[in-house]
Number of protein chains: 2
Amino acid sequence: MSIRIAIFDDNKNVRDGIALLLRTVPDVEIAGSFSHALDCVQDVRNSRPDVILMDIEMPGISGIEAVRLIKQAFPDIQILMQTAFEDDERVFASICAGASGYILKNHLDSLLTDSIASLQCGGAPMSPSIARKVLEKLQQMPVQTAPPVDYHLSPREKEVLACIVEGLSYKMIADRLHISYETVRSHVKKIYEKLHVASLTETVAKAINHKLI
Amino acid sequence: MSIRIAIFDDNKNVRDGIALLLRTVPDVEIAGSFSHALDCVQDVRNSRPDVILMDIEMPGISGIEAVRLIKQAFPDIQILMQTAFEDDERVFASICAGASGYILKNHLDSLLTDSIASLQCGGAPMSPSIARKVLEKLQQMPVQTAPPVDYHLSPREKEVLACIVEGLSYKMIADRLHISYETVRSHVKKIYEKLHVASLTETVAKAINHKLI
DNA sequence: GGACGCCTCCCCAGTTTTGGGGATTGCGGT
DNA sequence: ACCGCAATCCCCAAAACTGGGGAGGCGTCC
């Protein structure tokens with residue numbers, strides 16, 4: 001039984017390139033090739049693919065929306081996103097819409113055939129940088145409900161940290177706490193050490209996300 | 001510069017097997033090999049690895065707890081879980097504890113060296129079935145209700161804002177977005193205007209508290 | 001065509017932060 | 001009495017950020 005593949009991509013060169021590549025692979029059959037996703041559900045119904053390669057940028061209906069529609073109608077079809085972009089928003093939108101893999105166009109070729117095979121075996125092919133993003137997203141999620149970690153900040157350091165989060169400069173903090181500018185600096189250095197950060201912006205982000213204030 | 005690797009695994013055969021395998025790889029150096037994680041933070045401090053291979057089943061402290069401890073003390077170290085089990089609970093616990101990859105023992109060997117290389121390049125190596133689980137988890141995630149407060153930031157400004165919250169400097173942002181330093185400055189000025197702030201720290205605080213990212 | 005927003009790049013001059021060092025006091029343990 | 005540590009202060013040089021300008025290209029809407 002060969003694997004039937006459908007391609008959605010507005011660029012004809014890309015479609016033809018992929019088709020050419022896949023034709024050299026045994027057990028793979030091109031079920032269809034489409035330049036837009038306006039009729040994607042109907043197209044899929046007609047061509048009955050097992051796996052779909054979906055571009056994100058397309059006129060009319062975006063690849064992400066197409067994934068949602070197709071998955072709704074055919075939950076068992078595996079969809080592999082393939083795009084030039086890796087901004088977080090589109091990556092997660094694609095995954096949430098139901099994509100089973102996400103690879104960047106710059107390493108298509110050899111990877112593509114491997115990815116298709118992997119999909120069929122229950123895998124989830126992702127380009128390395130995409131996989132990392134996904135893990136980071138998952139790591140962020142539970143932070144909102146996770147037990148607060150103690151960074152062993154001293155009372156004075158916590159006061160300084162609170163001022164930093166308010167957006168005060170060293171000078172203003174010194175003023176408010178009635179200490180010298182240099183003392184503020186000392187506290188900040190200690191905070192950097194304890195929080196494993198190296199700038200005020202990182203400090204603020206960490207302080208808020210981990211509820212240190 | 002070779003990559004320093006530390007191994008935590010209670011099975012001596014496994015430790016030795018991995019060490020044997022890695023010694024054949026150029027640019028890889030065994031920093032340490034430990035049969036338990038009871039002193040993991042101290043062990044890591046002494047052996048200074050770049051990458052850690054962590055088994056889950058260990059007497060005393062579990063590999064998952066060890067990941068949490070090590071990541072807290074050394075956030076920059078990459079940790080690769082390698083275990084025989086793939087039940088959901090342990091997979092997600094490991095990821096949430098801070099692991100950067102998760103591979104199954106049954107395809108160690110060739111995959112292991114690739115995975116280590118991938119980690120160093122910012123990837124997140126996962127066995128195919130693990131990757132699939134991770135994606136499914138992400139798809140299940142509750143859809144967070146978006147707050148209606150809109151500061152009318154342009155798409156580009158939002159990208160810049162996201163970088164700022166990550167703690168990147170102007171230079172690093174310019175690099176990541178493939179624009180010049182001065183353009184980043186322009187965007188930041190516009191963001192300051194629109195958010196009514198006057199420094200990066202205020203910006204980060206407002207962005208996180210108002211969920212603008 | 002003109003107005004407007006967005007994205008891109010540039011200059012100058014000034015302020016703030018950062019990364020290295022130091023140093024002193026005082027307080028609480030062993 | 002000694003040690004650790006929080007808290008206070010100091011200096012220097014480099015790097016980063018800020019404010020206030022200007023300017024061209026591109027697209028949309030009226």
Side-chain angles (χ1 to χ4, degrees), chain A residues 10 57 59-60 62 84-85 87-90 150-208 212-213, chain B residues 41-42 45 73-76 150-208 212-213:
Chain A
D10 59 340
E57 276 68 40
S62 81
F85 303 92
D87 59 292
D88 294 24
E89 207 176 313
R90 274 182 274 207
D150 193 5
Y151 288 89
H152 308 294
L153 294 182
S154 76
R156 205 51 162 168
E157 282 156 11
K158 281 179 191 165
E159 287 185 79
V160 173
L161 179 57
C163 292
I164 292 173
V165 173
E166 269 190 66
L168 302 186
S169 71
Y170 291 176
K171 221 178 275 182
M172 293 190 278
I173 296 173
D175 220 55
R176 176 182 298 191
L177 300 184
H178 307 296
I179 54 181
S180 88
Y181 172 87
E182 290 297 334
T183 305
V184 177
R185 268 172 57 63
S186 295
H187 287 306
V188 172
K189 287 180 197 174
K190 219 79 181 74
I191 292 172
Y192 281 10
E193 232 177 77
K194 292 185 179 178
L195 296 195
H196 299 292
V197 296
S199 70
L200 287 182
T201 52
E202 282 184 273
T203 305
V204 172
K206 194 147 195 171
I208 296 180
L212 299 182
I213 36 101
Chain B
V41 171
Q42 193 56 48
R45 196 188 312 282
F74 310 97
D76 294 338
D150 191 6
Y151 288 88
H152 307 295
L153 294 181
S154 76
R156 205 49 161 169
E157 284 155 9
K158 282 180 191 166
E159 286 186 80
V160 173
L161 179 57
C163 293
I164 292 172
V165 173
E166 268 189 66
L168 302 186
S169 70
Y170 289 177
K171 220 177 276 182
M172 292 191 278
I173 295 173
D175 219 54
R176 178 182 295 192
L177 300 184
H178 307 297
I179 55 181
S180 86
Y181 173 87
E182 290 297 335
T183 305
V184 176
R185 270 172 54 62
S186 295
H187 287 306
V188 172
K189 288 179 198 174
K190 220 77 179 72
I191 291 172
Y192 281 9
E193 221 178 88
K194 292 185 178 179
L195 297 194
H196 301 294
V197 295
S199 71
L200 288 181
T201 52
E202 284 185 272
T203 305
V204 172
K206 195 147 195 169
I208 296 180
L212 299 182
I213 36 99

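No hydrogens, no waters, no symmetry mates; every other heavy atom, side chains included, goes into these values. Below, read A as the first sequence line, B as the second, and so on, with proteins coming before strands; counting in each chain starts at 1. Given the structure is predicted, the values throughout are model-derived calculations rather than measurements.
Donor-acceptor pairing under 3.5 Å is lacking for the side chains of A/Ser186 and A/Thr183.
Between the side chain of A/Tyr192 and the main chain of A/Leu200, a donor-acceptor pair closer than 3.5 Å is present. A donor-acceptor contact shorter than 3.5 Å is absent between the side chain of B/Lys190 and the backbone of B/Glu157. When atom types are taken as modelled, the side chain of A/Lys206 and the backbone of A/Leu195 share a donor-acceptor pair closer than 3.5 angstrom. Judged purely by atom type and a 3.5 angstrom limit, A/Lys194 uses its side chain to pair as donor or acceptor with the backbone of A/His152.
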Quiz item: Checking side chain to side chain contact (heavy atoms under 4.5 Å, CB included) for the pair B/Arg45/B/Phe74: CA distance, chi angles, key distance, verdict?
Solution: CA-CA 9 Å; B/Arg45 196 188 312 282; B/Phe74 310 97; 4.0 Å; yes
Quiz item: Given B/Leu177 and B/His187, is the side chain to side chain contact (heavy atoms under 4.5 Å, CB included) satisfied, shown in steps?
Solution: CA-CA 12 Å; B/Leu177 300 184; B/His187 287 306; over 6 Å; no
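One atom, CG of B/Asp175, and another, P of C/dT8, lie 14 Å apart when rounded to the nearest Å.
Place B/Leu177 and A/Ser199 on DNA chain C by their nearest nucleotides, and B/Leu177 ends up nearer the 5' end.
The heavy-atom pair separating A/Leu161 from A/Ile191 by the smallest distance is N-CD1, 4.1 Å.
The stretch residues 152-174 of chain B comes close to DNA chain D through B/Ser169, B/Tyr170, B/Lys171, each having a heavy atom under 4.0 Å from the strand. Using a 4.0 Å cutoff on non-hydrogen atoms, the parts of residues 178-193 of chain B near DNA chain D are B/Tyr181, B/Arg185, B/Lys189, B/Tyr192, ordered by number.
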